[in-house]
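No hydrogens, no waters, no symmetry mates; every other heavy atom, side chains included, goes into these values. Whatever order the structure lists ligands and atoms in, that order sets their numbers, starting from 1.
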Amino acid sequence: MVASKTIYETHLKSGSWKLDYDEIEQLSTGKHSKKKLPGSKPSMKSGSDKEAAGISGDASKSSGSQSKSMPTSNGQATYAKIGYYRGTMVAIKDVTKEHINVSRNVLKEFFTIRDLLHENVNPFIGACIEPPNIAIIWQYCHKGSIVDIIENDDVKLDNSFKLSMIADIARGMEYLHKSILHSHGNLKSTNCLVDNRWTVKITDYGLQSFLMGMGQKEEEDENYMFLRKQWTAPEILRENFPSPKGTQKGDVYSFAIITYEVCGRQPAFNFDNMVPRDAVNRVRNGEAKPFRPPLPDDEFVDISPKIKGLICNCWSENTEVRPTFTSIRKTLRDITGGDIIIIDMILSMMEKYSNNLEEIVDERTQQLNEEKLKTDKLLYRMLPA
Ligand SMILES: Nc1nc2c(ncn2[C@@H]2O[C@H](COP(=O)(O)OP(=O)(O)OP(=O)(O)O)[C@@H](O)[C@H]2O)c(=O)[nH]1
């Protein structure tokens, strides 16, 4: 018992999470672009949305303006500063703090999240704590966040694809809820990243003590501050000093908003006719019919009426009605008839596509042979006997 406590203490103080900023080979010298949240308008940030996102097709354009966005390759979306750390591509999240007090709580946080390992949870690589380079380093996900995916018209998203993204988020969240972290506290679509294999990975979890007292980011005007609260549950909005760790029920509410964004392929709230502050206040005020994003039949029934039911339960005003992620996963499995793994789905789509191509090639070859026969016959008739 004493021995294991000593091992724990030694491990805690070993600082294996501490990274040397100079060891990170940055791929861009520019400061990362102003971020884009769903529903934010071009006027809220510099540059056009696509330019900032570095979304496919615009990659070549964006690579010319490093101060606005990261250079991209293969049309991959990037907002964060990126670099290489010991051969791993990493996303560098700058922390606007002048110095870091590495308290026991902060050490425990690093120690805990370094140990989290799950297919749908983005690995934490480490942190840089020497001023002025204070930053959190996460593994880099090449395809950006699910917002980049749903806003990119070039990406065709069928229903199974949407459901598999949602199922990935539920899997990652179930793992986090069952882990020592217990909750995420800042679940939103920009914190659901997509890797090269189209697997969704949850990021930005578990560093509340480290980030405590972080200064306001430069891009945060009032609109931005309220935009960030689109995923926050009403009961948390009502608290004067909500815990940054959030709650499990609050995470489920955030999941409902993300599911809405993915299924409807649109931001949760329409900020063309309402400012973010009003939307957030209406959710917080708890109106007789609680204010939520509209659920028109056409976008959602197409997927499954059960998804609509799931969303309604997950964002229910009554927290008791909100299911756990284990139960959400069960509902999703009932809808899809089992777990869908995106990469398997892509492989089966490719197989179908190549089978279809073979059929087309056979058909065209037959047509070509028939035409050739006709030409031969014609030539034969035209030639002198
Ligand atoms: N392509 C790509 N984008 C990333 C990655 N990590 C973060 N981002 C994006 O970078 C942007 C900035 O991320 P953060 O600085 O964590 O900010 P945020 O998640 O929007 O907000 P907070 O976490 O609340 O500060 C977000 O739009 C993320 O989606 C990554 O690994 N790859």
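The pair E317-R292 counts as a salt bridge, with a side-chain nitrogen and a carboxylate oxygen less than 4.0 angstrom apart. Salt-bridge check for K81 with D94: passed, with a basic side-chain N closer than 4.0 Å to an acidic carboxylate O. Ion pairing of R284 with E235 is absent here, as no side-chain N (NZ or NE/NH1/NH2) approaches a carboxylate O to less than 4.0 Å. A salt bridge links K330 and D334; the closest N-O separation between the charged side-chain nitrogens and carboxylate oxygens is under 4.0 Å. A salt bridge does not link E119 with R171: none of the charged nitrogens is closer than 4.0 Å to a carboxylate oxygen.
At a heavy-atom distance under 4.0 Å, only side-chain atoms of L193, from C-beta outward, approach ligand 1. Contacts of T190 with ligand 1, taken as heavy-atom pairs under 4.0 Å, involve both backbone and side chain. When heavy-atom distances to ligand 1 are checked against a 4.0 Å cut-off, D148 has no atom that comes that close, whether in backbone or side chain. With a 4.0 Å heavy-atom cut-off, ligand 1 is reached by the backbone of Q139 but not by any atom from C-beta on. Counting heavy atoms closer than 4.0 Å to ligand 1, residue N186 contributes side-chain atoms (C-beta onward) but none from N, CA, C or O.
In the vicinity of N191, heavy-atom distances shorter than 4.0 Å reach the ligand 1 atoms 19 (O). Every atom of ligand 1 is numbered from 1 in the order shown, and the set under 4.0 Å from a heavy atom of D204 is 16 (O), 19 (O), 22 (P), 23 (O). Residue R228 approaches ligand 1 through these ligand atoms, each under 4.0 Å from one of its heavy atoms: 21 (O), 22 (P), 24 (O), 25 (O). Of all atoms in ligand 1, listed by their number and element, those nearer than 4.0 Å to a heavy atom of G144 are 1 (N), 2 (C).
Here atom 2 (C) of ligand 1 lies nearest to C141 when heavy atoms of S145, C141, A91 are compared.
Residues satisfying the ring-ring contact (aromatic ring centres under 6.0 Å, His included) criterion with H182, sequence neighbours excluded, are absent altogether.
A cation-pi arrangement is found for K143 relative to W198, the charged atom lying closer than 6.0 Å to the ring centre and inside a 45° cone about the ring normal.
Heavy atoms of K188 come nearer than 4.0 angstrom to ligand 1 in at least one pair. Note on ligand 1: Y140 sits in its first shell, one or more heavy atoms being nearer than 4.0 Å.
Inclusion of N122 in the set of residues having an N or O under 3.5 Å from an N or O of ligand 1 is not warranted.
Q248 and S183 share no donor-acceptor pair across their side chains, judged by distance under 3.5 Å alone.
Among residue pairs with one or both ends in residues 359-371, those qualifying as salt bridge (charged side-chain N to carboxylate O under 4.0 Å, His left out) are E371-K374; sequence neighbours excluded.
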